[in-house]
Amino acid sequence: MQYSIEIQNVVNSALAELKEQHQKKRLANTPITNTHFLTRWVTNSIKTQRFDGSVKNDLIRWQKLSRSKGAGSELVSLFERISAVYHRLTPIDQEPQAVTDKQIEAFMDHMEAQGWEVVNEFELTEKTQIFADQPNSFVLCSLQCEQCFEGENLSKPMSFYVRGNHRAFVEEASNSGFLLHKQTDYKSIVKYHGEYVIFPNNQGKSLAEIQWALV
């Protein structure tokens, strides 16, 4: 089971069953009652092993989040955003779309136009410090730019190294067609930069960074 399909099965099922409870007047549509319903829904899904094991960690994390933060966990909003982003970039009813070198080049140009310093001329094989004039910088490994493609399509995971406004970067990447998977906040091979990975066909095996993405 592809992770991108199963995570959509999870959040879409949860939202559909929550909506059904509202329509049948069995549940008040308030943050507290919605969170309580989804907390029980998530817990029951874990106990019954309703979904594929690829999403087990997500379910456990959401269970802990809802128990610790209550309505502040905003599970409804989170599920809606996950559903929207994955449907837009990896829809269940379509074949996965390739991530291409032209997409990445266009994204680099776009980020430069947004005032980011974009660096891709160095082989990143050891700890490296990039001296950037701008407060926000986006670094790629020149070796990966050559070796992660078969023809024009991405065929191996590729790292994006980011310093500065991570929230804006995630938003821009999502809008440009990439699902980012965070590896570190700032302790990566590029000093002071966090590392995100993109996967061929946007088919990562864990939840992408979508909490700030525009949907």
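- In this structure, His110 NE2 and Asn175 CG are separated by 7.5 Å, a value rounded to the nearest 0.5 Å.
- Annotation: side chain of Phe160 is in contact with side chain of Leu180 (closest heavy-atom distance under 4.5 Å).
- Side-chain contact of Glu195 with Thr184: a donor-acceptor pair under 3.5 Å is absent, judged by distance alone.
- Using a distance-only test at 3.5 Å, with no hydrogens or angles considered, no donor-acceptor pair links the side chain of Ser174 to the main chain of Val170.
- Looking at Asn9 and Glu6, their side chains do bring a donor and an acceptor atom within 3.5 Å of each other.
- Across every non-hydrogen atom of Pro157 and Pro200, the tightest pair is N-CD, 4.0 Å.
- Rounding to the nearest 0.5 Å places CD of Gln23 at 10.0 Å from CG of Leu18.
- The closest side-chain donor-acceptor pair between His166 and Asp185, if any, does not fall under 3.5 angstrom.
- Ring pair Phe169/Phe107: centre-to-centre distance below 6.0 Å.
- Put simply, the residue from Ser137, Ser159, Ser188 that forms a side chain to side chain donor-acceptor pair (under 3.5 Å) with His193 is Ser137.
- Ser45 contributes no side-chain N or O that, together with a main-chain N or O of Thr43, makes up a donor-acceptor pair within less than 3.5 Å.
- A donor-acceptor contact closer than 3.5 angstrom is absent between the side chains of Thr100 and Glu152.
- Between Phe51 and Trp41, the ring planes are tilted. Angles from 30° to 60° get that label.
- Using modelled atom types, no side-chain atom of Thr35 and backbone atom of Ile32 make a donor-acceptor pair closer than 3.5 Å.
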- Step by step, would you call Asn136 with Met111 a side chain to side chain contact (heavy atoms under 4.5 Å, CB included)? CA-CA 10 Å; Asn136 300 309; Met111 295 308 290; over 6 Å; no

